[in-house]
2 protein chains.
Amino acid sequence: VSLLFRKSVIAGVGLLGASIALAARRARVVEEIVGYGRSEPSLRLALKRRMIDRYFLAPGEFPEDADLLIVATPVEAIVPTVRSFRARLDSRCIITDVGSVKGRVVRQMENFLGEGIAFVGAHPIAGSEQWGPEFADADLFVERCCILTPTKKTDAKALHKMACFWRKLGANVESMNPSVHDRLLAVVSHLPHMAAYGLVNTLSRSRVDALDLKAYCAGGFKDITRIASSRPELWRDICLANRDALVSSLNKYIRHLDQLKTWIARGEAKQLEREFTRANEVRRQI
Amino acid sequence: VSLLFRKSVIAGVGLLGASIALAARRARVVEEIVGYGRSEPSLRLALKRRMIDRYFLAPGEFPEDADLLIVATPVEAIVPTVRSFRARLDSRCIITDVGSVKGRVVRQMENFLGEGIAFVGAHPIAGSEQWGPEFADADLFVERCCILTPTKKTDAKALHKMACFWRKLGANVESMNPSVHDRLLAVVSHLPHMAAYGLVNTLSRSRVDALDLKAYCAGGFKDITRIASSRPELWRDICLANRDALVSSLNKYIRHLDQLKTWIARGEAKQLEREFTRANEVRRQI
């Protein structure tokens with residue numbers, strides 16, 4: 001028997017929320033899926049495509065018999081969303097999220113939920129620069145890493161159940177401390193986004209004669225800046241929620257670029273070649 | 001009649017040199033193609049695949065009746081290569097190159113060639129992070145931009161002939177001053193490469209617990225750092241040849257990242273969102 005939950009609420013039916021719905025339905029781990037969100041067109045589309053069975057728009061209509069609440073909203077909306085359902089949450093309902101930053105969310109959630117309701121922080125490392133349920137994909141989590149971030153307060157049974165849930169969706173499940181997660185993501189995901197945004201805006205602010213620089217961007221520039229078309233509000237929130245770790249990895253990156261710049265200015269050929277060769281080797285292992 | 005040249009020497013039969021050979025043959029703009037290079041296996045492969053008609057290894061065997069010399073070596077080898085052929089160059093032979101940096105090369109070439117032999121600097125903005133004639137592609141230049149960099153000293157007929165040559169290979173030909181070219185490329189190509197090398201090496205020097213950070217790099221990181229697998233010696237040379245323009249665009253980029261960092265540290269939500277939205281819009285136009 002693969003059924004893990006009877007009634008699941010997915011709050012925020014965007015790319016991730018709708019993909020979870022598709023994948024969970026295919027894996028038959030949930031009986032009923034109820035959508036919630038602020039954008040009725042998205043909910044209607046998800047209903048029409050049978051991703052969800054029904055939806056509601058007022059927090060007061062949260063189904064009291066739900067045994068799983070997946071919050072798939074942008075990071076800053078996670079805690080307020082759960083707070084708005086608080087009065088109708090059953091003690092058997094497991095709450096989880098899919099936010100890209102964990103430390104602050106997990107701390108706030110545990111503080112205000114207290115004992116009795118289980119929260120399991122989760123972050124499936126999957127997505128794309130597209131957004132909205134129309135891009136949902138039942139295979140989005142297959143062979144991708146899903147990081148769970150339990151703390152001492154996390155209910156062991158709920159943690160186990162969520163690990164099963166993500167495995168059934170095809171993900172490779174790992175557990176780590178929320179702050180370790182945040183430092184990890186600052187390096188492998190949040191920093192590259194800043195690098196890409198920075199590149200695009202450096203380009204847009206550079207002047208070379210009266211040329212339209214955009215017209216000369218070949219494959220390399222396009223690849224490297226594709227993620228700069230990610231959703232602005234989402235990345236604004238990620239930056240603010242993971243402030244400390246991101247500032248620290250930006251510092252490392254800036255120091256690194258400064259070093260490269262010095263080598264170039266001084267014509268240090270050997271240092272440059274060593275540095276580029278090193279990057280080559282690391283890149284090959286990724 | 002499309003024939004433009006009788007006997008062309010391609011010095012450096014790597015990805016670019018071999019692609020030019022394939023494309024020129026298909027367009028029937030050259031009668032005979034003679035290869036030259038330091039790697040005999042590459043030349044043998046090019047011969048076997050009929051990209052070239054024959055090859056030579058000693059500069060002293062340069063065919064005196066060649067009417068086109070295309071130097072497709074790494075940037076630092078362009079001038080020394082032409083110098084090694086100097087004694088056998090006919091005054092009717094047009095010399096051109098495909099280097100990614102133009103200012104220094106054009107200056108040096110014009111200085112040592114003097115009057116009588118025409119040099120036309122060229123840079124087809126095409127390529128890939130792969131190298132070697134085995135990846136050659138007759139379509140490499142189709143619909144891509146090829147920048148010619150004439151100066152006051154450039155022979156007008158030779159310039160016209162090379163513009164025709166590149167158009168027959170499918171490229172969109174533009175002309176600009178060598179130093180404008182270098183400042184342009186510093187922003188749209190050389191800087192992104194530095195950004196990618198820097199990201200990969202920042203990752204490789206970061207420690208988060210005992211995690212293998214490489215294992216957590218998702219699509220975004222892979223895309224953005226793909227160009228960091230470009231050939232190290234080639235990029236070392238490009239950095240040194242375009243030192244001033246690259247240092248200046250690195251400075252701009254670093255200042256930009258510093259600004260982002262400050263906004264993040266101070267929690268300036270509006271500034272961040274504005275900045276990311278701006279990048280979004282620019283990215284869409286690329």
Side-chain angles (χ1 to χ4, degrees), chain A residues 125 180 183-184 187-189 192 194-204 206 208-209 211 213-214 216-218 220-229 232-233 235-236 239-240 243 246-247 250 252-254 256-257 260-261 264-265 267 269 272-273 276-280 282-283 285-286, chain B residues 125 180 183-184 187-189 192 194-204 206 208-209 211 213-214 216-218 220-229 232-233 235-236 239-240 243 246-247 250 252-254 256-257 260-261 264-265 267 269 272-273 276-280 282-283 285-286:
Chain A
I125 305 185
V180 170
R183 282 183 287 139
L184 169 66
V187 181
V188 301
S189 165
M194 296 307 110
Y197 282 125
L199 267 179
V200 172
N201 283 338
T202 299
L203 175 91
S204 80
S206 296
V208 178
D209 264 36
L211 296 174
L213 303 190
K214 294 187 293 295
Y216 299 91
C217 292
F221 197 93
K222 280 181 198 163
D223 282 346
I224 207 172
T225 61
R226 191 180 54 84
I227 57 176
S229 39
E233 322 86 71
W235 280 92
R236 174 201 63 199
C239 287
L240 298 179
R243 204 179 289 201
L246 183 50
V247 164
L250 267 167
K252 269 199 200 103
Y253 184 47
I254 290 170
H256 203 85
L257 292 171
L260 270 181
K261 191 188 74 182
I264 294 169
L272 287 171
E273 188 177 345
F276 297 162
T277 305
R278 185 194 170 111
N280 247 242
V282 178
R283 182 59 179 74
Q285 294 162 35
I286 290 175
Chain B
I125 305 185
V180 170
R183 283 183 287 138
L184 169 66
V187 181
V188 301
S189 165
M194 296 306 111
Y197 282 126
L199 265 181
V200 172
N201 284 337
T202 299
L203 175 91
S204 80
S206 296
V208 179
D209 262 36
L211 296 174
L213 303 189
K214 295 188 292 295
Y216 299 91
C217 293
F221 197 94
K222 280 181 199 163
D223 282 347
I224 206 173
T225 61
R226 192 179 54 83
I227 57 176
S229 40
E233 321 86 73
W235 281 92
R236 174 201 62 199
C239 287
L240 298 179
R243 205 179 289 200
L246 184 50
V247 164
L250 266 167
K252 268 199 201 103
Y253 184 46
I254 290 170
H256 203 85
L257 291 172
L260 270 182
K261 190 186 75 179
I264 294 169
L272 288 172
E273 188 175 345
F276 298 161
T277 304
R278 185 193 170 115
N280 247 242
V282 178
R283 182 59 178 76
Q285 294 162 35
I286 289 177

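In what follows, chains carry the letters A, B, and so on, assigned in the order in which the sequence lines appear, proteins first and then strands, with residues in each chain numbered from 1.
Both the backbone and the side chain of B:Leu184 come within contact range of chain A, each with at least one heavy atom under 4.5 Å from a heavy atom of that chain. Residue contact with chain B, scored on non-hydrogen atoms closer than 4.5 Å, is absent for A:Ser189. If you measure heavy-atom distances from A:Leu213 to chain B, the contacts under 4.5 Å come from both the backbone and the side chain. Residue B:Thr277 touches chain A through both its backbone and its side chain, counting heavy-atom pairs closer than 4.5 Å. With a threshold of 4.5 angstrom between heavy atoms, B:Leu203 approaches chain A through its backbone and through its side chain.
Here the closest non-hydrogen pair linking B:Lys252 and A:Ser206 is CD-OG, 3.7 Å. Contact detail for A:Val187 and B:Phe221: the closest heavy-atom pair is O-CE1, 4.2 Å. Contact between A:Pro192 and B:Ile224 at its shortest, heavy atoms only, is O-CD1, 3.3 Å. Taking both residues in full, the closest heavy atoms of A:Leu240 and B:Ile264 are given as CD2-O, 4.2 Å, listed atom of the first, atom of the second, then distance. Across every non-hydrogen atom of A:Leu199 and B:Ala195, the tightest pair is CD1-CB, 3.9 Å. A:Cys239 approaches B:Leu272 most closely through the heavy-atom pair CB-CD1, 4.1 Å.
Contact of the A:Asp223 side chain with the B:Ile227 side chain is not registered, since no non-hydrogen atoms from C-beta on lie closer than 4.5 Å. Contact annotation: the side chain of A:Asn201 never approaches that of B:Leu260 to less than 4.5 Å [non-hydrogen atoms, C-beta and beyond].
Evaluation of the ring-ring contact (aromatic ring centres under 6.0 Å, His included) rule for B:Tyr253 yields no partner, not counting sequence neighbours.
A:His256 NE2 to B:Ser204 OG: the interatomic distance, rounded to the nearest 0.5 Å, is 7.0 Å.
Comparing A:Glu233, A:Lys214, A:Arg243 by heavy-atom pairs within less than 4.5 Å of chain B, the highest count is held by A:Arg243. Looking only at heavy-atom pairs under 4.5 Å with chain A, the residue among B:Leu246, B:Asp209, B:Leu211, B:Ile286 that has the most is B:Ile286. When each of A:Lys222, A:Arg226, A:Gln285, A:Met194 is scored by its heavy-atom pairs under 4.5 Å with chain B, the top score falls to A:Arg226. Contact tally against chain A (heavy-atom pairs below 4.5 Å) for B:Asn280, B:Val208, B:Ile125, B:Leu250: the top residue is B:Asn280.
A side-chain donor-acceptor contact under 3.5 Å links B:Arg283 and A:Thr225.
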